[in-house]
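Predicted model, so just to flag it, every value in this text is computed and none were measured. Side chains included, hydrogens not; waters and symmetry mates left out as well; all remaining heavy atoms used. Numbers here simply count residues along the sequence, with the first being 1.
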Amino acid sequence: LVDPTPGAVRMLYRGTMCTHCDGCPSPKNASERLGIATAPSVDGLYTRPAAAINLGHASVEDPFYWRGANGSHHLIAHSGATCPKGDGNWCGVIASSADGMNWR
């Protein structure tokens with residue numbers, strides 16, 4: 001997302017955290033999380049905060065990110081962790097943020 005704020009680019013991405021052992025030799029107990037990287041232009045240098053975006057649950061992927069007419073930030077993403085048992089994988093999350101960094 002090229003932010004209308006001069007010199008600001010935001011990139012939402014999915015990453016997998018290794019949480020079960022040192023070195024994380026396998027994806028066991030790993031879950032997808034969303035992160036956001038910022039840069040002064042599309043050419044980089046991108047930086048990211050140390051923590052993932054906290055949406056209250058794990059296994060979030062495939063985000064779509066946009067800015068509202070009032071400048072607010074919004075995202076929708078697939079999240080199998082939000083599905084009721086036996087419902088398949090057709091569930092997701094929606095979140096909003098005033099600043100693009102703190103989401104609810």
Side-chain angles (χ1 to χ4, degrees):
L1 172 77
V2 177
D3 196 311
T5 306
V9 175
R10 297 171 187 267
M11 178 178 63
L12 199 61
Y13 63 91
R14 182 199 81 179
T16 303
M17 295 173 35
C18 298
T19 59
H20 68 288
C21 63
D22 291 336
C24 197
S26 72
K28 184 179 180 184
N29 296 329
S31 60
E32 293 89 4
R33 307 280 184 173
L34 297 181
I36 191 160
T38 59
S41 76
V42 294
D43 296 323
L45 178 69
Y46 286 86
T47 57
R48 62 186 176 95
I53 294 173
N54 183 0
L55 297 176
H57 37 73
S59 297
V60 180
E61 62 182 354
D62 306 330
F64 181 79
Y65 177 31
W66 74 96
R67 294 286 301 265
N70 65 352
S72 58
H73 301 255
H74 304 275
L75 71 85
I76 57 173
H78 168 248
S79 175
T82 61
C83 294
K85 232 178 180 53
D87 193 27
N89 239 358
W90 300 103
C91 303
V93 297
I94 185 166
S96 61
S97 171
D99 62 5
M101 299 304 282
N102 299 295
W103 296 83
R104 57 180 174 89

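H74 has its side chain out of reach of R67: every pair of non-hydrogen atoms, C-beta onward, lies at least 4.5 Å apart.
Closest heavy-atom contact between Y13 and A37: CE2-N, 3.9 Å. Between R10 and I36, the shortest heavy-atom contact is CB-CD1, 4.1 Å.
Exactly one residue among I94, I76, L12 makes a side chain to side chain contact (heavy atoms under 4.5 Å, CB included) with F64. That residue is I76.
A continuous path of hydrophobic side-chain contacts links M11 to V9 [ILVMFWY only; heavy atoms under 4.5 Å].
To the nearest 0.5 angstrom, R14 atom CZ is 7.0 Å from D62 atom CG.
Here A77 pairs with L34, V60, P63, L75, V93 under the side-chain contact (heavy atoms from CB on, under 4.5 Å) rule; sequence neighbours left out.
Note: Y65 and W103 have perpendicular aromatic rings, judged against thresholds of 30 and 60 degrees for the angle between ring planes.
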